[in-house]
Amino acid sequence: LAKACAETGAQICEYSAAKIIDNINNIPAFTSIFETNYLYNEFIDYCYPLHPITLYLLIRINEKVAQNERTLFTFLIKKSKYSFSKIIENDYPYSYILPSVIYDYFEKIFSSEEDNEIIHKLLISSKTALNMTDDVIEKEFIKALALVLMINEKDYLPSSRHVLQSSLMINEQKCSEIVRHLEQKNIVIERPNRRIEFKINMDIDIQSEIDNIGGRLRFILHIQTHFY
């Protein structure tokens with residue numbers, strides 16, 4: 001793992017199971033359901049090799065965008081690109097599987113969610129953001145942020161530095177550095193309530209944009225008739 005981190009420059013740490021639980025032990029998504037002893041003694045083992053936050057996001061994203069349990073089953077069993085089985089087979093570089101794997105697997109499904117304006121906006125914003133950086137860990141951060149915002153559980157899994165830092169197994173200093181860099185690029189903004197959101201494209205009204213494009217197209221076609 002140390003070699004993989006050095007090669008990518010990701011600076012993702014090889015957290016122990018106890019360290020991971022230390023980090024999630026004050027996140028309501030877990031503490032509202034499980035007792036502390038269970039988290040330390042059993043829960044982390046059941047999650048492995050998925051990071052607990054990755055597992056939580058997988059379940060919630062599947063509930064939001066998948067039509068049934070088949071998508072979850074396919075992710076876990078089928079050997080397709082970005083699937084769990086394929087990732088394990090290809091020697092995943094980190095000690096626990098991070099949220100980006102869920103983003104990559106569900107991306108095509110997100111694209112088909114035309115009636116879900118929130119997910120559609122977040123997909124557009126995250127894809128734009130990913131094209132604005134070449135940094136590996138910043139890309140991991142962007143994908144994790146997108147998923148946290150998509151499930152929209154502000155009281156249980158807020159888009160805070162602590163949640164995102166915990167999900168990527170990075171320290172506070174590295175997380176602060178990432179947030180600062182992404183703010184400088186106008187990719188994200190940290191609100192007064194300490195929640196991090198995408199700054200790019202989030203003011204887009206998708207339906208209005210579609211209507212505007214349709215209106216412009218009709219205008220162009222109308223003008224075009226005068227040239228023939």
Side-chain angles (χ1 to χ4, degrees), residues 1 12-77 82-85 87-88 92-106 109-110 118-119 122 137 140-176 178-179 190-191 193-197:
L1 176 69
I12 292 175
C13 305
E14 186 171 9
Y15 275 16
S16 66
K19 176 65 174 176
I20 290 174
I21 298 301
D22 286 343
N23 281 344
I24 70 168
N25 198 30
N26 60 356
I27 297 176
F30 303 99
T31 58
S32 64
I33 302 173
F34 305 111
E35 294 182 357
T36 300
N37 287 339
Y38 178 79
L39 287 173
Y40 279 97
N41 297 324
E42 297 183 56
F43 179 74
I44 189 66
D45 291 332
Y46 289 136
C47 291
Y48 186 82
L50 295 174
H51 187 286
I53 293 177
T54 303
L55 177 60
Y56 188 87
L57 289 169
L58 170 61
I59 293 169
R60 292 295 189 242
I61 288 292
N62 187 70
E63 291 172 349
K64 277 193 172 291
V65 303
Q67 293 181 353
N68 49 49
E69 294 180 357
R70 182 180 178 183
T71 305
L72 181 58
F73 179 82
T74 302
F75 169 74
L76 294 172
I77 303 299
Y82 302 126
S83 70
F84 176 80
S85 298
I87 288 163
I88 298 300
Y92 190 70
Y94 309 126
S95 53
Y96 286 80
I97 293 175
L98 305 182
S100 62
V101 169
I102 308 303
Y103 180 99
D104 292 338
Y105 185 80
F106 279 86
I109 300 176
F110 295 153
I118 292 176
I119 287 180
L122 288 168
I137 188 60
E140 293 281 355
F141 186 96
I142 288 165
K143 290 178 181 181
L145 174 61
L147 294 174
V148 170
L149 293 173
M150 282 178 185
I151 69 170
N152 194 29
E153 295 187 2
K154 298 175 183 178
D155 294 331
Y156 291 94
L157 197 72
S159 56
S160 63
R161 289 192 187 199
H162 177 71
V163 166
L164 294 165
Q165 166 193 325
S166 300
S167 74
L168 301 185
M169 301 186 292
I170 56 177
N171 59 37
E172 290 183 19
Q173 181 180 351
K174 183 60 181 176
C175 186
S176 296
I178 292 168
V179 173
E190 189 168 20
R191 301 293 184 186
N193 62 6
R194 312 304 292 173
R195 307 285 170 80
I196 299 171
E197 299 175 3

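One-based numbering along the sequence shown.
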Q) Would you say the side-chain atoms of S85 pair up with the backbone N or O of L76, donor to acceptor, closer than 3.5 Å? A) yes

Q: Provide the closest heavy-atom pair for E140 versus S100 in the form atom of the first, atom of the second, distance.
A: OE1-OG, 2.7 Å

Q: Please report the shortest heavy-atom distance between Y96 and Y48, naming the atom on each side.
A: CE2-CD1, 3.3 Å

Q. Are any side-chain N or O atoms of H162 and backbone N or O atoms of N23, one a donor and one an acceptor, separated by less than 3.5 Å?
A. yes

Q: Identify the heavy atoms of S166 and I53 that sit nearest to each other, and give their distance.
A: CB-CD1, 4.0 Å

**Q.** Ring centroid separation Y92 to Y94 under 6.0 Å
**A.** yes

Q. Out of curiosity, S160 OG to L145 CG, how far, rounded to the nearest 0.5 Å?
A. 10.5 Å

Expected list for residues 38-47: side-chain donor-acceptor pairs under 3.5 angstrom, two or more places apart:
from	atom 1	to	atom 2	distance (Å)
Y40	OH	D22	OD1	2.3
N41	ND2	N37	O	3.0

Q) Tell me, do I61 and F110 make a side-chain contact under 4.5 Å, heavy atoms counted? A) yes

Q. Looking at side-chain heavy atoms only, is the closest gap between E172 and Q165 below 4.5 Å?
A. yes

Q: Determine whether T74 and Y105 make a side-chain contact, defined as any pair of heavy atoms from C-beta on separated by less than 4.5 Å.
A: yes

Q | Flag, side chain of T54 to backbone of I97, donor-acceptor distance under 3.5 Å | A | yes

Q.
Main chain of L72, side chain of N62: is a donor-acceptor contact present, judged purely on distance under 3.5 Å?
A. yes

Q) Atom CD of E197 and atom CG of L149: how far apart are they, to the nearest 0.5 Å? A) 6.5 Å

Q. Can you name the nearest heavy-atom pair linking K174 to N171, along with the distance?
A. N-OD1, 2.7 Å

Q | I33 versus A29, closest heavy-atom pair with distance | A | CD1-O, 3.3 Å

Q. Taking C-beta and beyond as the side chain, do I142 and Y103 meet within less than 4.5 Å on heavy atoms?
A. no

Q: For the residue pair K19 and M169, establish whether any side-chain heavy-atom pair is separated by less than 4.5 Å.
A: no

Q: Rounded to the nearest 0.5 Å, what's the gap from CG on L98 to CG on L50? Could you check?
A: 10.0 Å

Q.
Once rounded to the nearest 0.5 Å, what's the spacing between atom CD1 of I102 and atom CZ of F84?
A. 9.5 Å

Q) Do R161 and S176 come within less than 4.5 Å of each other through their side chains, counting heavy atoms only? A) yes

Please tabulate, for side-chain N and O atoms in residues 150-159, each donor-acceptor pair with protein atoms closer than 3.5 Å (sequence neighbours left out).
from	atom 1	to	atom 2	distance (Å)
E153	OE1	Y56	OH	2.4
E153	OE2	R60	NE	2.8
S159	OG	I196	N	3.4
S159	OG	I196	O	2.8

Q) Hey, mind stepping through L164 and I178 against side chain to side chain contact (heavy atoms under 4.5 Å, CB included) and telling me if it holds? A) CA-CA 11 Å; L164 294 165; I178 292 168; over 6 Å; no

Q. So which heavy atom on I24 is nearest to which on P52, and how close?
A. CD1-CB, 3.8 Å

Q.
Check whether T31 reaches the backbone of N25 with its side chain - one donor and one acceptor, N or O, closer than 3.5 Å.
A. no

